[in-house]
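Along the sequence shown, residues carry numbers from 1.
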Amino acid sequence: MNSQRVPRRSTYTVLSAMGYFLDGYDLSVISVFTYALLQYKFWHYTSLELGFVSGAALLGGAMVGAIIFGPLF
């Protein structure tokens with residue numbers, strides 16, 4: 001008897017939907033952080049620097065998530 005359990009299709013659907021949900025969540029958090037940087041002027045960023053900070057946050061989060069959770073799936 002095969003003891004390995006195969007996930008159902010709904011499991012894959014939920015996992016895929018969570019990926020889209022978390023991506024949207026990341027984008028909304030980064031946009032609020034970008035707004036806070038501009039509004040409260042902790043540092044004076046140029047447009048290029050602000051774009052780099054926002055892009056690095058998204059890329060860094062995706063890279064860390066792929067490194068940590070990639071081997072699990």
Side-chain angles (χ1 to χ4, degrees):
M1 179 178 277
N2 190 357
S3 63
Q4 291 182 340
R5 186 164 112 36
V6 177
R8 296 187 331 195
R9 184 180 295 175
S10 60
T11 303
Y12 292 121
T13 304
V14 169
L15 288 175
S16 298
M18 287 303 296
Y20 284 113
F21 171 75
L22 292 174
D23 189 36
Y25 178 75
D26 286 343
L27 290 175
S28 64
V29 168
I30 290 170
S31 67
V32 170
F33 178 71
T34 303
Y35 177 75
L37 284 176
L38 290 175
Q39 187 69 23
Y40 299 114
K41 300 194 186 316
F42 297 117
W43 297 278
H44 297 287
Y45 285 113
T46 64
S47 296
L48 180 66
E49 292 169 338
L50 190 61
F52 181 77
V53 167
S54 299
L58 185 60
L59 181 64
M63 186 170 44
V64 169
I67 290 171
I68 292 174
F69 295 110
L72 295 178
F73 295 105

Checklist entry - How far apart are the closest heavy atoms of E49 and H44, and which atoms are they? => result OE1-O, 3.8 Å
Checklist entry - Taking all atoms of both residues into account, what is the closest heavy-atom pair of P71 and A66, and its distance? => result CD-O, 3.9 Å
Show the atom names and distances, to 0.1 Å, of all donor-acceptor pairs under 3.5 Å that link a side chain in residues 25-32 to residues at least two apart or in another chain.
unit_1 : atom_1 : unit_2 : atom_2 : d
S28    : OG     : G24    : O      : 3.4
S28    : OG     : Y25    : O      : 2.8
S31    : OG     : L27    : O      : 3.4
S31    : OG     : S28    : O      : 2.8

Next on the checklist: Other members of the hydrophobic cluster containing F42, with the 4.5 Å side-chain heavy-atom rule, please.
Outcome noted: F33, L37, L38, Y40, W43, Y45, L50, V53
Next on the checklist: To the closest 0.5 Å, what do you measure between CD1 (I68) and CE (M63)?
Outcome noted: 11.0 Å
Item to check | Spacing of CG belonging to L15 relative to OG belonging to S10, to within rounding of 0.5 Å | outcome: 9.5 Å
